[in-house]
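If you're wondering where the values come from, they're calculated on a predicted model, not measured in any experiment. All chains are named by letter (A, B, ...) in the order of the sequence lines, taking the proteins before the strands, and each is independently numbered beginning at 1.
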Amino acid sequence: MSEQDAAGNGYDFARIQAKWQAIWDELEPFATRDPDDPRPRKYILDMFPYPSGDLHMGHAEAYALGDVIARYWRQQGFTVLHPIGWDSFGLPAENAAIKRGLDPKKWTYENIEQQKKAMKQYAASFDWDRVLHTSDPGFYKWNQWLFLKMYERGLAYRKASWVNWCPQDQTVLANEQVEDGRCERCGAFAVKKKLTQWYFKITDYADRLLDDLGQLEGTWPSKVISMQRNWIGRSTGADVDFVIEGRDEPLTVFTTRPDTLFGATFMVVAPDSDLAAELVAGSTPEVQAAFADYLTQVQKSTEIERQDAGREKTGVFLDRWAINPVNDERVPIWAADYVLADYGHGAIMAVPAHDQRDLDFALKFELPVRVVVDTNAPVTGAIPVVDPEAPIDDIPSLDPLATGVALNGDGRMINSGPLDGLSKTHAIARMIEILEKDGRGRSARNFRIRDWLISRQRFWGTPIPIIHAENGDLIPVAEDQLPIVLPETEGLDLMPKGTSPLGGAADWINTTNPVDGSPAKRDPDTMDTFVDSSWYFLRFLNPNDDTQAFDPAEAEKWAPVDQYVGGVTHAILHLLYARFITKVLYDMGYVSFTEPFSALLNQGMVLMDGSAMSKSKGNLVRLSDQLQEHGVDAIRLTMSFAGPPEDDIDWADVSPHGAEKFLARAWRLAGDVTSEPGVDWSKGDRALRRETHRFLADAPGLVESFKFNVVVARIMELVNATRKAIDTGAGGGDPAVREAVETVALGLNLFAPYTAEEMWETLGYPPSVALATWRKAEPELLVAESVVCVVQIDGKIREKLTVSPDATEAELEALAMASPNVQRTIAGREIVRTIVRAPKIVSIATK
RNA sequence: GCCCCUGUAGCCCAACCGGCAGAGGCAAACGACUUAAAAUCGUUCAAGUCAGGGUUCGAAUCCCUGCAGGGGCACCA
């Protein structure tokens, strides 16, 4: 297949691959076993895959990049933990079971075997001793343990609420799993369903999840940080209590604009909230009927319709009234679906003059609008503007009733009693003071993020370790009873029907109440698979320990993960959950750190002709075909060389064939080296040595800043220089040539491990190049003998001087002034300024 | 609507703190090899950095405006 192609000279990747796979299997160079290894440690982790069958181009990119980093740190003298496992619970296995009658367990583990083989062929330097599968009872036992710990702390709880339901997958979805109103997995429109479900209380950690993002600044992609910030969505403002006529309890609302409280002319409650139901119950029969109609209509509308900001406002008046706490005005209470039941208090004060949504609503239902901020007035920075007497200019342009545009900018308060004359920021602070003094409000914060819904009505997941007593009590399973193992699928109907298939496993679901021995049932639901992946990185430390989830002492040694590598598709879901669980484990005292992943690299996607590959688009490039055609090393190299790792790779723009040619070229160098190992480098050709050492000096920084494409380019340069030295210069026997080729092998180990091993062996060394250490550049070889100093006159280059690298500024200036070119150019001009930056540039400014 | 990122040869991409725009690759052209082509090897070619303005002795790099592309959040009070 490749005997005579790329190189025409016998570079046969298929032969090399087969040869080294066998050697690696024997040598196991990447197992991390010695607990007393004195070397510094690095934990390099690739996001573990779902066992989907074959590896695809996306895997190939991710594992190539992660492996560069793992191999790099080994070369730098670190002991590297680089494990792999499988995120092996989840819907595809179950769907395959339903569709094709396969056992999900069998399907899963067969796929894992296939992928494992492919990963080994791909030369990923994983520690194969530490493989884990989340679908092993030995793993999910600890998932159940984690659940119980969360339950003990009140962080796992059950509540009835409107949840996202996927009618296709017949299961609930977490908020994070709904995209544009659709199930992120199957694309079906999600619908709302009221169900009692298990939640993890991630909102308790919202502040810390947001604030700690600051620690990740610089080591996480700023894109991911901002996505998480957006997702958590903290707003600051105030809670304000409104007295309701005919109700003992006040109605509390959250607002980010307490300064506009004097402009609150009505209130709105979410129609699907308990509050609306209660208020309506105290109203007239006519209102009750109208409300019932409205509620039905709201619940029929899909999430998509409801989220369309441009859609016309709807609502019903409840014929109930509240009292504005600052001016004692009676304000009507409406129900409208632009207010969400599960944000804030499910109710708002409406300030139509200064909020577009409220204004739209007021215009439609002819509710009063009162301007309380003169947005035309100048705002003078931090100093409060206190001049209530100043005239309010240009009132008509300020009239939202006329323009239909709410005034949400800053300005000077008017019509607001004690706030009059203040600017927005000062008015907000002042209003909060007033409210707090009167006990009618307080400063408050709200979050966009909701609690994490973790129950799923599916079979292939971790059973929730809770027993339901006949009287409805929830009894956690005792820790020593774990794991609650999934029943066999034989005879079980896995068809989705809205309730968990586990409910149909009579032998399994029926149990006894551990308290009194009475009949009881197990919880029929399984956990979201994101629970598994939120702590799996700790399980790698001792994956077979059946006495604890992970060993805190090992965690102390290895964790947090030094470098995490994976796709940006998990920017919110997985990474947020893992951060959350890590903080919970910290609070419980199991770990001493609060962030799981110290650094994150998001690789881009592999595209074809500008769009994601898919069978239906007909632009699918099969990894197996590419490997067959060009070999593992060429594909890995292509992935690394295509561009910055976080950019998408368009397979139409890259050249695996070019990579293959280059590897053959590099490989041939090794055969042309005629000196023996151990020759004295110092006698070698100086120019080539300088190239080699420049590379040795620069490569580490480039790898550490993820400029893999540049490192590859630098290896290419070194290969080109070495080729030239062999053919037309020093010759294959020169020690500098051996030094250069050995350096190429060390560099290629990161990107093309098979070729690197083969070269290393040809050069006369025993395996493995992956365990060889990087060489230090010799400083004296890094200083150039001469450098070019540019002379600029008024920004234009007029002369280039060849000078010693340690020429002084005075020398350079003198040299520049002595140059005929310079003299000619400045003749008759007055020199205003001369700037010298030794040894690079002399810049002369004239008048 | 709010927020973020990116625009450099035909294409993918380099360029440290602002200091000679070019490292590498792809494509192309030419040459060698070949009866010829492919493959292979060698040589060569290329833009003044999206547009406009500003700061500076000096701008791809910093600032402002605009255009183009990509992404995140979005009836979140």
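- Within the nucleic acid shown, A:V788 comes within 4.0 Å of at least one base atom, counting heavy atoms only.
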- Task: Show your working on side-chain hydrogen bond (donor to acceptor under 3.5 Å, both in side chains) between A:S235 and A:N446 and close with a plain yes or no.
- Result: CA-CA 5 Å; A:S235 311; A:N446 249 298; over 6 Å; no

- Heavy-atom protein contacts under 4.0 Å, nucleotides 48-63 of chain B, coded B base, S sugar-phosphate only, - none: ---------BS-----

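- In this structure, A:S226 reaches neither bases nor backbone, as no heavy-atom distance under 4.0 Å exists between it and the strands shown.
- Syn is the classification of B:G48, since its glycosidic angle stays within 90° of 0.
- In this structure, A:D650 reaches neither bases nor backbone, as no heavy-atom distance under 4.0 Å exists between it and the strands shown.
- Contacts of A:K223 with the nucleic acid, taken as non-hydrogen atoms under 4.0 Å apart, involve only primed sugar atoms and P, OP1 or OP2.
- Other residues, nucleotides and ligands place no more than 12 heavy atoms under 6.0 Å from the NZ atom of A:K724.
- A 4.5 Å side-chain heavy-atom check between A:F662 and A:I715 finds at least one atom pair inside the cut-off.
- Atom-to-atom, CG of A:N230 to C1' of B:C3 comes out at 6 Å; the value is rounded to the nearest Å.
- Remark: P of B:G24 and CG of A:N709 are 14 Å apart, rounded to the nearest angstrom.
- Residue A:R665 has a polar side-chain atom (N or O) positioned under 4.0 Å from OP1 or OP2 of B:G42.
- If you measure from atom CG of A:N720 to atom P of B:U43, you get 9 Å, rounded to the nearest angstrom.
- Nucleotide B:A77 is matched to nothing when pairs are restricted to Watson-Crick or G-U wobble geometry with both distances under 3.5 angstrom.
- More than 90° away from 0 lies the glycosidic angle of B:C33, which makes this nucleotide anti.
- Nearest-nucleotide mapping onto RNA chain B: of A:R448 and A:M716, the residue sitting toward the 5' end is A:M716.
- Between A:V712 and A:G344, the one whose closest nucleotide on RNA chain B sits nearer the 5' end is A:V712.
- For A:K840 against B:C20, a side-chain-to-base donor-acceptor contact under 3.5 Å is absent.
- A cation-pi contact, defined as under 6.0 Å to the ring centre and within 45° of the axis, is absent between A:K313 and A:F365.
- Distance NZ (A:K707) to C1' (B:A15): 9 Å, rounded to an integer number of Å.
- At least one side-chain nitrogen or oxygen of A:S235 sits closer than 4.0 Å to the OP1 or OP2 atom of B:A77.
- Residues A:C789 and A:P839 approach most closely at CB-O, 3.3 Å, considering heavy atoms.
- Rounded to whole Å, the C1' atom of B:U61 lies 14 Å from the corresponding atom of B:A14.
- The interatomic distance linking A:M227 (CE) with B:G70 (P) rounds to 17 Å, in whole Å.
- The interatomic distance linking A:D360 (CG) with B:G1 (P) rounds to 14 Å, in whole Å.
- The residues A:R723 and A:D727 are annotated as salt-bridged, a charged nitrogen and a carboxylate oxygen being separated by less than 4.0 angstrom.
- Using a 4.0 Å cut-off, some side-chain N or O of A:H657 falls inside it from OP1 or OP2 of B:U40.
- Rounded to an integer number of Å, the gap from A:L607 CG to B:C12 C1' is 13 Å.
- If you take atom P in B:A27 and the same atom in B:A38, they sit 13 Å apart, rounded to whole Å.
- Using a cutoff of 4.0 Å between basic side-chain nitrogens and carboxylate oxygens, A:R257 and A:D259 are scored as salt-bridged.
- Taking atom CG of residue A:L801 and atom P of nucleotide B:G19, one finds them 19 Å apart after rounding to whole Å.
- Salt bridge A:R229/A:E217: present, at least one basic N to carboxylate O contact under 4.0 Å.
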